[in-house]
There are 2 protein chains.
Amino acid sequence: MKVIIVGGSATGMGVAAKLKRNDPNAEVIVYQDKDYVSLGACGLPYFVSNNFDNKEMLIARTKEQFEQSGIVVKTNSRVSSIDFDSKTVYFNDKQDTYEKLVIAIGAKPIIPNTSWKNLKNSFTITTLEDGIKLKEEMNKNPNIKKVAVIGAGFIGLEMTEALTEINKEVYLIEKEDRVSKKAFDKEFSELITTKLEEHNIIVKTSTELKEIVEVDGLAKQLIFSNSEKLEVDAIIFSIGFKPNTEIFTNTKLELFENGAIIVDNQGKTNIEDVYSAGDCATSKEFLTQKNIYSPLATVANKFAKVIADNLCGKNKVFVGSLRSAIFRCFDIGFARSGFTEEEAQDLFKIKIVFIKDKDHTHYLKGQKDIYLKLILDTETNTIIGSQLCAQNSAMLRANTLATIIWSKINVDEALEQIDLVYAPPYSKTTDILHIALSKFLK
Amino acid sequence: MKVIIVGGSATGMGVAAKLKRNDPNAEVIVYQDKDYVSLGACGLPYFVSNNFDNKEMLIARTKEQFEQSGIVVKTNSRVSSIDFDSKTVYFNDKQDTYEKLVIAIGAKPIIPNTSWKNLKNSFTITTLEDGIKLKEEMNKNPNIKKVAVIGAGFIGLEMTEALTEINKEVYLIEKEDRVSKKAFDKEFSELITTKLEEHNIIVKTSTELKEIVEVDGLAKQLIFSNSEKLEVDAIIFSIGFKPNTEIFTNTKLELFENGAIIVDNQGKTNIEDVYSAGDCATSKEFLTQKNIYSPLATVANKFAKVIADNLCGKNKVFVGSLRSAIFRCFDIGFARSGFTEEEAQDLFKIKIVFIKDKDHTHYLKGQKDIYLKLILDTETNTIIGSQLCAQNSAMLRANTLATIIWSKINVDEALEQIDLVYAPPYSKTTDILHIALSKFLK
């Protein structure tokens, strides 16, 4: 079996590694447009903020390590087109043919105006080169004091923290009326904003970037939809991602509304022997099994294993994602799984509990607020969404919530009595989860 | 309805509070042998080690607060006997009659030899008086340098930490061949011992206290089963608890092997209109529904609400306990839920996974080891036991494990893909739980 994998990040290299373990005789060739593979892109904000300085730490496994296990890795090989009929991949004016193909070409950051890409002080934070350039400029260029982060999703939010840690004056610009609107409901957007403002980050919502005043190739002034203006020394775009699927426009490969490659729960596209996953493809929402675009490392990681198994005839499925996610915001964290209230209200008959409590016993120091929102589907009587805010050491409750959603356990008096661990440094005898569940049963 | 509650700790006051909320007209009378109610005994080790100094913080709710809600609280009222036929409670040479009775008289620490109780430097850690006396002596008596903790269960282990924090030379003496044998398997006993020894605590297992050499009413030397001797300045007994049920010996109230009052899952004893729960009673193990003795605050807390509801004719059940528990051991924690391997091997057909991994990404500081053991019942294909060791900030994974056991979710490829939250400061894309589950599926 000859398998060509286009793309050498989490999905591509994940498929390659598992496939070779499954079937040491498989011929596995990876075409990767960069000169490295297996970037742990989630670490980039922490690299920029000097949590660590060795860029090698961002590489989960090197090209050489993959090659040692018999995988052929062709770096600096940009695939320009694919002919699905003749099963041919074209790259760097050369070509290769596959029996099975895995497209794992990821996504690129959205920049609303292409001319803004070329500004010398405009940055994105997706590739290793992005990270190196941004770290260098932010730490060594004395002219960069005021930085605008455009887009208040997870990466934008992580970048505000990173930039604050290296003493920048940070402006967070969000087109929507509140931060992280796709991931969280209003209550949590407000908690995020409050925390950012505590750290002197200026948060501007309902503010769309319309124009950039450029001087000598540098962005100097931002002009917003509301006519406000802002002088800046640098801009970081974190608006979201667009799948790298331009080369498939007008091919027979079926694409989702945002250009993502549509795959079934086995990672199969509409074209025989062609698989895809990761940031360039759709995945399934766990509860509804609907196609969604959720470019998360956790999805890429799991889906890669599923595809590797399916390439070996194992008939595995990716059962879906809750879009579970978490981010640190200084001393506190925010996490979510499943549907937000805003999403759920159109799809389900719901009941909501949103409460505030304390994370552990009052007599031990460091007791802090904890906020929990649960969304109950009253027809199935199961939890379909959760949002959590707490100090960092209390945040792993988020996985308890994800597990409650995942197990589809009935919300009844038995669940209300769930036997969670208790000791004074970690919790209260009655946890916030118990309190929240009891409110549904009243 | 006239309800008498004997005992004013978590269970008794929990029943009283909920009952009065359920039915404001109920006549609720609590007889409590102490002059305070509602002690949060779990805080005592932290009180002793000066995490806080105000003893009022250990009182969850005062007598006066309960009285304000219409509950009659008779402190310093030791019930000496109960005549179930005439429904009469005898206390302090007085008597009172009930329509419904709740026995919540707790348990006392086991001291193998009654004469050892009277030693001036021998302590237990159950009541507020215990805590005050121990704090005073440990912090102010210059002669107490070397302290032996007898019994390496949760309280003994918490006390070794507390005493180390206030600079005592600590000896932990355990009769069994390893620490915390009832709660954890061998691997975790070893991890606990290693951590204790790192903090210069001397751990002596397979070592039973046989004799105490007394001088002027003070324990001076301990003599063990293996003939070893140890000079000490103080002893703390933390061997375990015995239900305070002597007054029911030779009555028709049915008692468990250790003297605990046997109750059904509604909190009913074998005698009509008589309920019991908490440290003086049995409870049900969740998975097998067998009677167990598990004197934990979490059980008391939940069972109290169940009894209060049942007193009002609500027909509620306490569904059972996993004996979920956690304790802090300096910078790390240990948690458990369900059956240990040692227990499970006689009851189920089991498979075991025990693995070590890291708690979060390698490029962020503070990455530490995490140990996880899961016990699978191969017949039901569900997890029936979990044990976890990790640094404190990673310990709330224990509740994810408890939830997996509680939900009785099938261990299959869908569970292997459980959508846990991931961000570099909190976790890895593939969590130790994913790795452990995948090992069952191989």
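Chain identifiers are assigned alphabetically (A, B, ...) following the order of the sequence lines, protein sequences preceding nucleic acid strands; residue numbering begins at 1 within each chain. The structure presented is a predicted model; accordingly, all values stated were derived computationally and were not measured.
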| field | Region of A335(B) in contact with chain A, defined by heavy-atom distances below 4.5 Å | value | side chain
| task | Give, as side chain, backbone, both or neither, the part of L415(A) having an atom under 4.5 angstrom from any heavy atom of chain B. | result | both
| request: Sort N392(B) into side chain, backbone, both or neither according to what part of it lies under 4.5 angstrom from a heavy atom of chain A. | output: both
| message | So, taking the atom named CD in Q391(A) and the one named OG in S393(B), what distance separates them when rounded to the nearest 0.5 Å? | response | 11.0 Å
| V299(B), part contacting chain A, at a heavy-atom distance under 4.5 Å | neither
| field | Note, W406(B) side chain near S407(A) side chain (heavy atom, < 4.5 Å) | value | no
| said: For the interface with chain A, which of D431(B), T403(B), I418(B) has the highest count of heavy-atom pairs at distances below 4.5 Å? | reply: I418(B)
| said: Please classify the contact between N410(A) and chain B as side chain, backbone, both or neither, with a heavy-atom cut-off of under 4.5 Å. | reply: neither
| field | Which atoms of F318(A) approach chain B - backbone, side chain, both or neither, heavy atom under 4.5 Å | value | both
| By a 4.5 Å heavy-atom criterion (distance strictly below it), what part of I409(A) contacts chain B: side chain, backbone, both, or neither? | side chain
| request: Answer yes or no: is there a side-chain heavy-atom contact under 4.5 Å between N51(B) and K365(A)? | output: yes
| V306(B) and Q417(A), any side-chain heavy atoms less than 4.5 Å apart | yes
| query | Are T400(A) and L396(B) close enough that some pair of their side-chain heavy atoms sits under 4.5 Å apart? | reply | no
| remark: Honestly, the part of Y363(A) sitting under 4.5 Å from a heavy atom of chain B is both
| query | Is there a side-chain contact between L296(A) and Y422(B), using heavy atoms and a 4.5 Å cut-off? | reply | no
| Measuring heavy-atom distances to chain A, does K305(B) have an atom under 4.5 Å in its side chain, in its backbone, in both, or in neither? | side chain
| task | Report yes if some heavy atom in the side chain of D419(B) is under 4.5 Å from a heavy atom in the side chain of T298(A); otherwise report no. | result | yes
| task | Find the distance between CE (M395(B)) and OG (S427(A)) and round it off to the nearest 0.5 Å. | result | 10.5 Å
| Check: T430(A) main-chain N/O paired with N301(B) side-chain donor or acceptor under 3.5 Å | no
| query | K316(A) versus chain B, heavy atoms under 4.5 Å apart: side chain, backbone, both or neither? | reply | side chain
| message | Within the structure provided, determine whether T429(B) and K302(A) are in side-chain contact (heavy-atom separation under 4.5 Å). | response | no
| message | At a 4.5 Å cut-off on heavy atoms, which part of F327(B) comes close to chain A: side chain, backbone, both, or neither? | response | backbone
| field | Among the listed options F47(B), F286(B), F52(B), the residue most often paired with chain A at heavy-atom distances under 4.5 Å | value | F52(B)
| request: Between chain A and each of A10(B), A402(B), C42(B), count heavy-atom pairs under 4.5 Å; write down the option with the most. | output: C42(B)
| note | Value for CG (L420(B)) from OG (S324(A)), rounded to nearest 0.5 Å, stands at 7.0 Å
